[in-house]
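Okay, so here's the structure we're looking at.
One is the number of the first residue; the rest follow in order along the sequence. Heavy atoms only: backbone and side chains are in, while hydrogens, waters and symmetry mates are out.
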Amino acid sequence: MNSIMDSVCKYLAECPVIDSSLPFYLDYVDSKDCYCVGTQPNPTYRKDVLGNRIYTVTFQFAYRTAISSDAERGKNMEFLEQFCRWIDKQNEQHNFPVLAANQTGQSLKVIETSCLDEVDEGRTTGIYVTQLQFIYKERIR
């Protein structure tokens, strides 16, 4: 069985605006163009009235790419807007990452839109970051 974050990476890599020729990492951003899902500290879980656990996982989607011209930055913003719209649509359709048999996705949403977070020394590439939240339920046996 894969971890929740492995499942999230695989799920996001299926987004139609993702360039499948670029690497997709978990908790690692390369010095070349790539995508990354970065984990963040989260509360462990809360329980519903039946004792099922409800997990809230907040994470960042990062995208390293060229930023040296207005045209490149505009293209990057268009990509990120399309990515966020895809997430919204998947949430509306209740289409979530594949989980274990006793786990069910509840919601996946963008909680902070994309911003240019980091720029390399040569100012040729940068990392755009979007913060997301995935909520899923783990049923008791």
Side-chain angles (χ1 to χ4, degrees), residues 1-140:
M1 183 175 103
N2 292 328
S3 74
I4 296 297
M5 294 314 297
D6 285 332
S7 295
V8 167
C9 282
K10 289 176 186 170
Y11 173 82
L12 295 178
E14 295 172 0
C15 175
V17 297
I18 295 289
D19 182 348
S20 61
S21 69
L22 294 179
F24 209 112
Y25 299 114
L26 177 59
D27 278 340
Y28 173 74
V29 179
D30 202 349
S31 60
K32 299 178 179 130
D33 289 6
C34 67
Y35 304 103
C36 169
V37 170
T39 58
Q40 293 185 298
N42 290 286
T44 50
Y45 61 87
R46 59 184 163 72
K47 287 187 178 183
D48 66 12
V49 294
L50 299 174
N52 299 309
R53 293 178 178 184
I54 300 176
Y55 292 88
T56 300
V57 180
T58 303
F59 63 95
Q60 293 181 330
F61 170 75
Y63 172 47
R64 179 181 288 282
T65 190
I67 60 159
S68 57
S69 72
D70 284 342
E72 288 172 333
R73 291 187 299 277
K75 182 180 168 191
N76 297 338
M77 291 312 299
E78 181 181 352
F79 159 78
L80 292 163
E81 289 168 3
Q82 290 174 357
F83 173 79
C84 290
R85 282 191 200 109
W86 181 81
I87 293 292
D88 291 342
K89 184 176 180 182
Q90 299 313 301
N91 191 51
E92 289 171 5
Q93 296 175 351
H94 298 279
N95 181 20
F96 303 117
V98 174
L99 303 173
N102 67 325
Q103 297 170 328
T104 307
Q106 303 290 299
S107 75
L108 176 64
K109 60 185 177 179
V110 175
I111 57 174
E112 191 172 277
T113 58
S114 305
C115 66
L116 184 58
D117 187 57
E118 187 178 311
V119 177
D120 71 344
E121 287 184 27
R123 303 183 86 54
T124 57
T125 66
I127 300 172
Y128 290 89
V129 175
T130 303
Q131 192 169 28
L132 297 103
Q133 184 179 73
F134 180 45
I135 300 173
Y136 68 96
K137 181 188 288 188
E138 185 172 281
R139 293 180 307 282
I140 57 171

Provide the full list of salt bridge (charged side-chain N to carboxylate O under 4.0 Å, His left out) pairs with a residue in residues 18-39, sequence neighbours left out, each pair given once.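 Matches after skipping sequence neighbours: none remain.
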Could you give all pairs that pass the salt bridge (charged side-chain N to carboxylate O under 4.0 Å, His left out) test and reach residues 5-17, with sequence neighbours left out?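 Of all non-adjacent pairs touching residues 5-17, none passes salt bridge (charged side-chain N to carboxylate O under 4.0 Å, His left out).
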For T130 against E112, the heavy-atom pair lying closest together: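 So the minimum-distance heavy-atom pair works out to CG2-O, 3.4 Å.
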Identify the two heavy atoms, one from N76 and one from A66, that lie closest to each other, and give their separation to 0.1 Å.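 For N76 and A66, the tightest heavy-atom pair comes out as ND2-O, 2.8 Å.
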Can you check side-chain contact (heavy atoms from CB on, under 4.5 Å) on L22 and C34, steps first, answer last? CA-CA 5 Å; L22 294 179; C34 67; 5.5 Å; no
How about Q60 and Q131: does a side-chain donor come under 3.5 Å of a side-chain acceptor?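 Per modelled atom types, Q60 and Q131 side chains form no pair under 3.5 Å.
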Exercise: do R139 and T104 side chains pair donor with acceptor under 3.5 Å: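 Present: a donor and an acceptor within the cut-off.
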Determine whether [X] and [Y] make a side-chain contact, defined as any pair of heavy atoms from C-beta on separated by less than 4.5 Å.
X: I87; Y: Q90; answer: no
X: M5; Y: V37; answer: yes
X: T58; Y: L132; answer: no
X: C115; Y: Y128; answer: no
X: F134; Y: L99; answer: yes
X: Q82; Y: E78; answer: yes

Using the side-chain contact (heavy atoms from CB on, under 4.5 Å) rule, take I54 and Y45 through it: C-alpha gap first, then chi angles, then the decisive distance, then the call. CA-CA 5 Å; I54 300 176; Y45 61 87; over 6 Å; no
Does any pair with a residue in residues 3-24 pass ring pair (Phe, Tyr, Trp, His ring centres under 6.0 Å), and if so which ones, sequence neighbours excluded?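 Matches after skipping sequence neighbours: Y11-W86, F24-Y35.
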Take F61 and V129 through the test side-chain contact (heavy atoms from CB on, under 4.5 Å) and record every step on the way to the result. CA-CA 6 Å; F61 170 75; V129 175; over 6 Å; no
Could you walk me through whether L12 and F59 pass the side-chain contact (heavy atoms from CB on, under 4.5 Å) check? CA-CA 12 Å; L12 295 178; F59 63 95; 3.9 Å; yes
Between K109 and D88, does any side-chain N to carboxylate O distance fall below 4.0 Å?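 Here K109 does not pair with D88 in a salt bridge, since their nearest N and O are not under 4.0 Å apart.
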Name of the residue among R53, E138, K137 meeting side-chain hydrogen bond (donor to acceptor under 3.5 Å, both in side chains) with Q103: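 Considering R53, E138, K137, a side-chain hydrogen bond (donor to acceptor under 3.5 Å, both in side chains) with Q103 is found only for E138.
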Quick one: does N102's side chain have a donor or acceptor within less than 3.5 Å of a partner on I140's backbone?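 Looks like no, no N/O pair under 3.5 Å.
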Parallel, tilted or perpendicular: rings of Y55 and Y136 (30°, 60°):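 Ring orientation, 0 to 90° scale: parallel.
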